[in-house]
K.L.:
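Shown below is the structure under consideration.
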Amino acid sequence: MPLTRSPFAWSASKLAAFLIALTTLFCAFSGIAHALEPVKISREDTALDLTATTEIYSGRSEAFQVSTAPGADGIVRRIEVRSSTENHQGDWAVFALANVSGEQLDRVIVAPHFRLVNSKLFWPDLGSQRMLSITPSEGFALERLPSDNSDVFQITLNPGAVITFVAELATPELPQIYLWQPDAYKDTVNAFTLYRGIVLGIAGLLAVFLTILFVVKGTSMLPATAALAWAVLAYICVDFGFLSKLISVTAGDERIWRAGTEVFLAAGLVIFLFTYLNLNRWHQHLGYATLAWILGLGLLFGVAVYDPAIASGIARLSFALTATVGIVLIAYLGFNRYDRAILLVPAWLLILVWLFGAWLTVTGQLANDIVQPALGGGLVLIVLLIGFTVMQHAFAGGAYQQGLFSDLERQSLALTGSGDTVWDWDVARDRVVTIPDISLQLGLSMGSMHGPLRNWLPRLHPDDRDRFRATLDVLLEHRRGKLNHEFRVRAEDGHYHWLSIRARPVLGANGEIIRCVGTIIDITEQRNSVERLLHNALHDNLTGLPNRQVFLDRLQAILLMADTTTARPTVLAIDIDRYKQVNDLLGIAAGDNILIALTRRLRRLLRPQDTLARLGGDQFGLILMSERDPAKVADFADAVSKAIMVPLNYGNREINLTASIGLVSWLDQEQSAAGLIDDAELAMFRAKKEGGNRVEPFRPAFRTSGSDRMQLEADLKRAIERKELSLVYQPIVRLSDAEIAGFEALMRWDHPKRGNVSPTEFIPIAENSDLINQLGMFAFDKATSDLTEWQIQTGDLPIFVSINLSSAQLLNNELYDDVRAVLNKNRCDPAKVKMELTESLVMENPEQARLVLEKLKEAGLKLALDDFGTGHSSLSYLTRFPFDTIKIDKALVRDPSDKRGILLRSVITMARELDMQVVAEGIESEEDAIQLSQMGCDYGQSFLFGPPIGSESILRLLKERFPLMKRA
């Protein structure tokens, strides 16, 4: 009788992700941080952004432990760093650098105190000292370089060195950290210093100049503008770090100054808007509202001292609200012909653009190093434009310079400025003139398009000639209306240009049309753009083939006209096997070129009535109309497969591809195009599932396989809720005396309709869904609970229970906690529980598997290596894993060859030398059991010793076999 296989099969493909997750879990439980992958630097790297690769740890103790990045020897070490200040909050940053060059590199680590980028709109980060110190994994703490607005540390990296750095943070926020080449950093600082000095000088001169104008002129709008200029000057003094040059400013004081200048800036904008638009004259309540607004902003100066973040956030919101209210007021007053509002439009539009850029910056959507100085310069530009607007209004008396041009001159200037060509048709003399001459735009000699209108007709596109002539005839006949016509004209190089005429007739004294005057413009680019958009909407951009929607529409149209007795369209769904591997190996560009080459090959196989489309990714669709005979259709599909199999050469490499092809012919007149495509794709998926490189005709059974699997998954979910699952136990006996030593727990499912469902059928479904963890913990809970119950009923028996774990379970980060919780709940001795793991999973990634097994071993569990002898059996790894037991697979036990005894004796002897117990599976006879016992094998498990039975049967069996054991 065959041995029932374990219900849990390890998935080696998921091992890497599981081990990474469990390593993270181990570090979390032990309280030890781990460094990221080291950033590789070379001599050519002048500036590297380390922000994304730096790990931040908040709320840790004053003693911080971290695992270093693997060094050149591959060894991961552990270092401990202690805080240098008593008031340290336990915030640390960890990053690693690797010198991949062959020479010593000097670099500086720079962490700016303040960054407008991603500083947030509400409760913004207004800057602070970021790093108190930096400790490398090798050498002494880094030397801090003097800087007013950044934390700068000097580092030296030896050739080939891999060093992990632990930074003691003054705040958990670290907006940016850069690694600079010293000279490049100095050049960058100097460049920004020059720019900031220029902007600061312009802002200072502008503030002083507007103040002087206020003294000279004395109008109310000048002091408001001067106040706004001084607010901008104060803001950029703080933002550019100039304030620290004048007075001693600590990091905490700088936050107060920054919040205060933002409040000042918001208040200055409100005061300017109110004063310049003279809102008090429009409505008295506007004055009250503005006064309340300004008083509220004035109170924020006091708030800035105690909580700068709140004050700054409200100020930023006020600035945005002022800009929004301002554009509404300007639009309203502008429509009422208020000249001040009209003059302010350009400056306010610039404010809105600046505000949009500032919003992108503080929310982190603009994140470069130039945007912050650029926004400072933008503020100065805004004040400069506002200053010119105010001076223009103040010194010109607020009046428009009207009457400068006549209406005719104004229209002429507007036409000239638009760049359009004047089209003038003298109907009476039948003479067309264009100004400037459109002949030159078409590559013709000057004046070629002048003269009688009939000279235009030979150059028009044949499809447009009659329509052009009919349009002019209708205009002349009705003697009213407008000419609005688009047509194509052939240029000298043979290409056609799209032209658009917009003209209106001029009537003479007799009511007849004597002239037709308007504009003519070249709209070729616009028409080409429209055609490209339409083409892109219906075709694939890469291959030029119709897309899925066009393919579906075309197939539906064919089905509407088709007759199953005369025309049977065949649909092929073609998917390129291993295309993703080509993309990963050679790059996306190579993958795109391969698709283009395959498209050309497939097109050569088609006839005019056939259709090829790209359905998406590496999948093509084909409607075959040229062949109806089933044999010829099969030959065509085989030709498609062979065409794809022809090797491709790319980058001096030969690439061999195959295809999975699903094929379905239209036989049912009720079937739609979408259903036909779905059937072809189902067949294609079946071909891919069978290994690819094959043509799979569609069969109706394909439709039910997917639905059956979904139904079984739903039934399994309900079975867990309704407790339809159960465990059975197969005895494991001691070969020396044939006494029961333990049991292996096996899962069973009694389906209410299907009956007993094999574990080989529902376990894979559970592994591909989120049910496997529930199943695994159910088995662990049930087995440990039954073991505890047996011990209570029969006494402390020397038996154990083996429980299999699925690889999907081991990917769960909470596995260790769940196991401990179940053991505590059931009061089960972990020493009597064995966890069985398959050899293939352990050998897939030995180093990470060792960490997992040691963690389970810490819980007190026993570990068994299942199916030993069926995989690659890397024996050197056995000494590195904490296994207690080796289970020899039945294939080795039942090996009919003469060398079976030698192999078994070698494995058993090796296990005994490693102080491991041995379980032999699949023993078929008592002679085999005796022989294995003589070799030193400890246990046996097979139907020879008993089939799997339920928990109650196990209890009766134990009472019979151990009648003298008493309950403790």
Side-chain angles (χ1 to χ4, degrees), residues 8 10 14-34 60-61 63 65-68 75-78 80 742 744-745 772-773 776-785 787-788 791 796 798-839 841-866 868 877-887 911 914-917 919:
F8 295 99
W10 288 89
K14 301 179 180 177
L15 180 59
F18 154 69
L19 293 177
I20 291 173
L22 200 59
T23 301
T24 304
L25 182 65
F26 172 75
C27 291
F29 279 120
S30 60
I32 300 173
H34 62 281
R60 300 300 178 96
S61 62
Q65 292 186 1
V66 63
S67 295
T68 66
I75 297 177
V76 177
R77 298 173 174 85
R78 185 179 302 167
E80 178 174 318
E744 180 179 0
I772 188 61
N773 291 323
M777 292 315 300
F778 162 78
F780 191 82
D781 186 11
K782 178 64 175 172
T784 54
S785 175
L787 178 60
T788 302
Q791 299 284 358
D796 189 10
I799 61 173
F800 60 86
V801 171
S802 293
I803 306 171
N804 294 275
L805 285 181
S806 168
S807 59
Q809 279 184 266
L810 295 177
L811 294 177
N812 185 5
N813 293 332
E814 300 177 354
L815 174 65
Y816 178 76
D817 289 339
D818 292 341
V819 168
R820 292 294 302 270
V822 171
L823 291 174
N824 292 334
K825 183 189 73 171
N826 294 330
R827 298 181 180 179
C828 181
D829 183 4
K832 295 188 176 182
V833 179
K834 287 189 179 182
M835 311 291 281
E836 293 193 5
L837 300 90
T838 58
E839 179 189 12
L841 176 65
V842 173
M843 299 305 176
E844 180 75 18
N845 195 330
E847 290 300 325
Q848 296 187 18
R850 180 176 57 83
L851 299 176
V852 179
L853 298 178
E854 289 178 353
K855 195 66 179 178
L856 293 175
K857 187 74 173 179
E858 289 179 4
L861 300 172
K862 302 294 184 180
L863 299 175
L865 181 61
D866 197 7
F868 186 82
Y877 290 140
L878 291 180
T879 58
R880 302 172 58 184
F881 296 108
F883 287 114
D884 307 286
T885 304
I886 292 178
K887 297 190 72 172
L914 294 175
D915 197 21
M916 296 182 183
Q917 296 179 336
V919 179

K.L.:
Quick check against the 3.5 Å criterion: does Asp781 have a side-chain atom that pairs as donor or acceptor with the backbone of Met777?
P.N.:
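Judged by distance alone, no pair lies under 3.5 Å.
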
K.L.:
So which of Leu861, Val833, Asn824 actually passes side-chain contact (heavy atoms from CB on, under 4.5 Å) with Val819?
P.N.:
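Exactly one option meets the side-chain contact (heavy atoms from CB on, under 4.5 Å) with Val819, and it is Leu861.
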
K.L.:
Report the distance from atom CG of Asp884 to atom CG of Leu865, rounding to the nearest 0.5 Å.
P.N.:
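Going from the CG atom of Asp884 to the CG atom of Leu865 covers 11.0 Å.
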
K.L.:
Mind listing the closest non-hydrogen atom pair of Gly742 and Ile799 along with its distance?
P.N.:
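Reported closest heavy-atom pair: CA-CB, 4.4 Å.
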
K.L.:
Kindly write out the residues that satisfy side-chain contact (heavy atoms from CB on, under 4.5 Å) with Arg827, not counting sequence neighbours, or none if the list is empty.
P.N.:
none

K.L.:
From Met916 CE over to Leu863 CG, what is the distance, rounded to the nearest 0.5 angstrom?
P.N.:
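If we round to the nearest 0.5 Å, Met916:CE and Leu863:CG are 10.0 Å apart.
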
K.L.:
I need the minimum non-hydrogen distance between Glu854 and Pro882, along with the two atoms involved.
P.N.:
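Smallest interatomic distance, heavy atoms only, reads N-CG, 4.1 Å.
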
K.L.:
If you compare all heavy atoms of Pro830 against all heavy atoms of Ala859, which two are closest, and at what distance to 0.1 Å?
P.N.:
CB-O, 3.5 Å

K.L.:
Quick one: pull up CG in Asp829 and CG in Asp796 and give me the separation to the nearest 0.5 Å.
P.N.:
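So the gap between those two atoms works out to 8.0 Å.
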
K.L.:
Just wondering, do Lys825 and Thr784 contact through their side chains at under 4.5 Å, heavy atoms?
P.N.:
no

K.L.:
CE of Met835 to NZ of Lys857: how many Å apart, nearest 0.5 Å?
P.N.:
12.5 Å

K.L.:
Does atom NZ (Lys782) have a neighbourhood of more than 12 heavy atoms from anything else shown, all under 6.0 Å?
P.N.:
no

K.L.:
Measure across Asn826 and Ser785 and return the closest heavy-atom pair with its distance rounded to 0.1 Å.
P.N.:
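That closest heavy-atom pairing would be ND2-N, 3.7 Å.
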
K.L.:
Measure the spacing between CD of Glu836 and CZ of Phe883 and express it to the nearest 0.5 Å.
P.N.:
11.0 Å

K.L.:
So which heavy atom on Val76 is nearest to which on Thr68, and how close?
P.N.:
CG1-O, 3.1 Å

K.L.:
Would you name the heavy atoms of Lys862 and Ala831 that are closest together and state the gap between them?
P.N.:
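For Lys862 versus Ala831, the nearest heavy atoms are CG-O, 3.4 Å.
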
K.L.:
Could you check whether Asp866 pairs with Lys834 (Lys NZ or Arg NE/NH1/NH2 to Asp/Glu carboxylate O, under 4.0 Å)?
P.N.:
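Salt bridge: no.
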
